[in-house]
Protein chains: 2
Amino acid sequence: MLKYETIAQNIQSRIESGDLAPNDKLPTVVDLCDRYGVSKITVKRAFEILTEKGLIASKRGSGTYVKNTTELFDTGSVDPLLVGEDGTREDTFGFTRSDQPIGFTASHSARGRSVSSVVYDFSVTNPPESVARHLNISPYDFTYYFCRVRCLEGEPITIEYTYMPIDVTPGLKRDQLYHSVYAFVQDTLGLKISSFHRIIRAVGATEEEAERLQLDTSAPLLEISQVGFLDDGTPFEFSVARSNGKRSELRDVNVI
Amino acid sequence: MLKYETIAQNIQSRIESGDLAPNDKLPTVVDLCDRYGVSKITVKRAFEILTEKGLIASKRGSGTYVKNTTELFDTGSVDPLLVGEDGTREDTFGFTRSDQPIGFTASHSARGRSVSSVVYDFSVTNPPESVARHLNISPYDFTYYFCRVRCLEGEPITIEYTYMPIDVTPGLKRDQLYHSVYAFVQDTLGLKISSFHRIIRAVGATEEEAERLQLDTSAPLLEISQVGFLDDGTPFEFSVARSNGKRSELRDVNVI
DNA sequence: AAGTGGTCTAGACCACTTC
DNA sequence: AAGTGGTCTAGACCACTTC
């Protein structure tokens, strides 16, 4: 593990354990330099990681402090609050960088939930013009196309429509669709997934979607359209995922 | 302007002008050090900014390359694609760090659109228990509470419910609700807004919301619940904003 | 005046890719 | 073997806050 990662992790542990409470002042940068035998830039790097996670905030001339964030993220669900609302959402998906598992399978099985899939379509086709543009390929190139519903503990949560260029991710089999396609891309093909560009919207379920997700037609769905990129910048997937609005949420920490 | 900001901006301009095309290789770090008369860490910092924006990707041992992102972000709207969909969304709100204006007023008026508000409620109350928890205050403390509808070119887009502790943002007047409350917080009160923690969901419009947003009851809305923090970590607002799903979207670049 | 974080230098050393 | 980005040092200098 890198030095700045070690330092960041140590501090994060102290915050999570309550050893460092909200509004507490962290040791100064120079203090930590001495304690870890590193130079300022390394401590600064560690602080940046934690700042990005929304855990701390540095104030020039004053010090670095633990942010008061336990409330929002510990409750597990947002409160009913202003409008009559239901309980806990099960498909919670964080934006936070680098320490969250990617994809539906990884984020849920990491929490000990059973993930399953129903596959409604799996074919090789020419992508629609707009999809080809997003994938940086020609509409005459071939892509895998599949539609599947992801379930948590047997309950349908998300319907996914995905295009993947066969030249980039060759050898995809129907079998893999029942498990993690990202695991196939990373482990079997040895490719490195590096980023996603997303657009998030709220839409109503079509009749077909409502049936597949066991909802009423026009029920609100959280839609995430995304292009996934490999580390060399090649787009490897275009997908649209629509999730039951009552059971899904996205979390985000936005540092200005 | 800081050196790394200058370098990042120069490169970004070259990408936006097309001078650096997708998949082009950037000058090497050492090259740029020479050219700008700076050290490696400074160039690296510039690269980090652009990496975070999703514009470039560095590959150790090989070089740094322009990512192929024009498609997703240039179209102005996502394509109809798989499911029958409508046209351009007007309320587009990026996640990207540090160069986007914050809040509804700033992001839209920056693009030359007229922003107006309808205020449905403005009062001082004790916050619900859950809101008090998020704001790190007692339920017996007082908060401003207001509900307003934000309009673009006269058309209602978003309905907002906001709580702000009166001890943190004293002196809020009804007048300000017709303009930017964030401008009041930053410019009039001199406070520094530093981050937001958000949860994003899809919900159906209540009857009242449907009427205020001129939609059908149960129409899909994109909901953003957020706690806003000042630079010293004090929560200054808890708000829930629900936006017309047909006219709003969130954008995000997620680097792993 | 003393303390604190932010930027930056000039370089060393390393891991990895490319040829 | 040569080239490239990533981590890190030991410090200088600065902007800002606190007292």
Side-chain angles (χ1 to χ4, degrees), chain A residues 1-11 20 23-52 55-67 97-98 186 190-192 194-195 229-234 255-256, chain B residues 1-11 20 23-52 55-67 97-98 190-192 194-195 230-234 255-256:
Chain A
M1 188 143 71
L2 299 168
K3 291 189 185 181
Y4 63 79
E5 288 174 344
T6 307
I7 298 171
Q9 199 162 81
N10 286 353
I11 296 172
L20 280 170
N23 302 319
D24 273 5
K25 186 172 176 175
L26 296 187
T28 68
V29 173
V30 176
D31 254 30
L32 290 165
C33 289
D34 289 351
R35 204 174 306 187
Y36 285 95
V38 301
S39 65
K40 275 181 73 175
I41 274 184
T42 305
V43 170
K44 188 72 205 321
R45 190 62 118 221
F47 279 8
E48 276 162 17
I49 291 174
L50 299 175
T51 300
E52 214 161 62
L55 293 174
I56 63 173
S58 293
K59 298 183 66 180
R60 176 187 289 215
S62 168
T64 301
Y65 302 84
V66 178
K67 276 177 74 179
R97 204 170 310 265
S98 63
Q186 293 186 302
L191 301 173
K192 279 184 194 155
S194 84
S195 69
F229 295 89
L230 300 177
D231 63 345
D232 64 357
T234 312
V255 180
I256 296 173
Chain B
M1 191 144 70
L2 300 169
K3 292 189 184 181
Y4 64 79
E5 287 175 344
T6 308
I7 298 171
Q9 198 161 82
N10 287 352
I11 296 173
L20 279 170
N23 303 320
D24 274 5
K25 186 173 174 172
L26 295 187
T28 67
V29 173
V30 177
D31 255 30
L32 290 165
C33 289
D34 289 352
R35 204 175 305 186
Y36 285 96
V38 301
S39 65
K40 276 182 72 176
I41 274 184
T42 306
V43 170
K44 188 70 208 319
R45 190 61 120 223
F47 279 8
E48 276 162 18
I49 291 174
L50 299 174
T51 300
E52 214 161 60
L55 293 173
I56 64 173
S58 293
K59 298 182 66 180
R60 175 186 290 215
S62 167
T64 301
Y65 303 84
V66 179
K67 276 177 74 178
R97 204 171 309 267
S98 62
L191 301 173
K192 280 183 194 154
S194 84
S195 69
L230 301 177
D231 64 345
D232 63 358
T234 312
V255 179
I256 296 171

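Side-chain atoms are counted along with the backbone in the values below, which use heavy atoms only and exclude waters and symmetry mates. First the proteins, then the strands, lettered A, B, ... as listed; each starts at 1. Predicted model, so just to flag it, every value in this text is computed and none were measured.
Protein atom CZ of B:Arg45 is 14 Å distant from nucleotide atom C1' of D:dC8, rounded to whole Å. A straight line from CD1 of B:Ile7 to C1' of C:dT9 spans 13 Å, rounded to a whole angstrom. Atom CG in B:Asp31 sits about 12 Å away from atom P in D:dG3, given to the nearest Å. Spacing between atom CG of A:Leu26 and atom P of C:dT4 amounts to 13 Å, rounded to whole angstrom units. The distance from atom OH of B:Tyr36 to atom P of C:dA10 is 17 Å, rounded to the nearest whole Å. Rounding to whole angstrom units, CZ of residue B:Phe47 and C1' of D:dT4 are separated by 11 Å. When the P atom of D:dC8 is taken as reference, atom CG of A:Leu32 falls 15 Å away, rounded to whole Å. Taking atom CD1 of A:Ile11 as the reference point, atom C1' of C:dG5 lies 14 Å away to the nearest angstrom.
Nearest to the side-chain atoms of A:Leu2 among the listed nucleotides C:dG5, D:dC8, C:dC8 stands D:dC8. Closest to the B:Val29 side chain, of the nucleotides D:dG5, D:dA10, D:dG6, is D:dG5.
Scanning for side chain to side chain contact (heavy atoms under 4.5 Å, CB included) contacts around B:Ile41 gives A:Ile41, with sequence neighbours left out. For A:Tyr4, the side chain to side chain donor-acceptor pair (under 3.5 Å) criterion is met by no residue, not counting sequence neighbours. Listed by chain and residue number, B:Thr64 satisfy the side chain to side chain donor-acceptor pair (under 3.5 Å) test with B:Ser58 (two or more places apart in sequence, or in another chain). For the side chain to side chain contact (heavy atoms under 4.5 Å, CB included) test, residues two or more places apart in sequence or in another chain that qualify with B:Arg35 are B:Arg14, B:Pro27, B:Asp31. Annotation: side chain to side chain donor-acceptor pair (under 3.5 Å) contacts of A:Thr6 (sequence neighbours excluded): none. Under the side chain to side chain donor-acceptor pair (under 3.5 Å) criterion, A:Ser195 pairs with B:Lys67, not counting sequence neighbours.
Between B:Tyr4 and C:dC8 there is no side-chain polar atom (N or O) within less than 4.0 angstrom of OP1 or OP2. A close approach under 4.0 Å does not occur between any side-chain nitrogen or oxygen of A:Thr42 and OP1 or OP2 of D:dT7. Distances shown here put every side-chain N or O of A:Ser58 at or beyond 4.0 Å from the OP1 or OP2 atom of C:dG5. Here B:Ser39 does not reach the OP1 or OP2 of C:dC8: none of its side-chain N or O atoms lies under 4.0 Å away. For C:dT9, one of the phosphate oxygens OP1 or OP2 lies less than 4.0 angstrom from a side-chain nitrogen or oxygen of B:Lys3.
In terms of polar N and O atoms assigned as donor or acceptor, the side chain of A:Lys40 comes within less than 3.5 Å of the base of C:dG6 in a complementary pairing.
Between A:Tyr65 and A:Asn23, the shortest heavy-atom distance links the atoms CD2-O, 3.8 Å.
B:Ile7 CD1 to B:Met1 CE: the interatomic distance, rounded to the nearest 0.5 Å, is 10.0 Å.
Base pairing in DNA chain D yields stems of at least 3 consecutive Watson-Crick or G-U pairs, both distances under 3.5 Å, namely C:1-18 with D:1-18.
Heavy atoms of B:Ile41 sit under 4.0 angstrom from at least one base atom.
Within the structure, every pair that satisfies the side chain to side chain donor-acceptor pair (under 3.5 Å) test and touches residues 36-51 of chain A, not counting sequence neighbours, is listed here: A:Asn10-A:Tyr36, A:Lys44-A:Glu48, A:Arg45-B:Glu48, A:Glu48-B:Arg45.
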Interface polar pairs with nucleotides 14-17 of chain C, N/O, under 3.5 angstrom:
unit_1: C:dA15; atom_1: O4'; unit_2: B:Arg60; atom_2: NH1; d: 2.6
unit_1: C:dT17; atom_1: O4'; unit_2: B:Gly61; atom_2: O; d: 3.4

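Taking 4.5 Å as the limit, every side-chain heavy atom of B:Lys59 sits out of range of all side-chain heavy atoms of A:Lys192.
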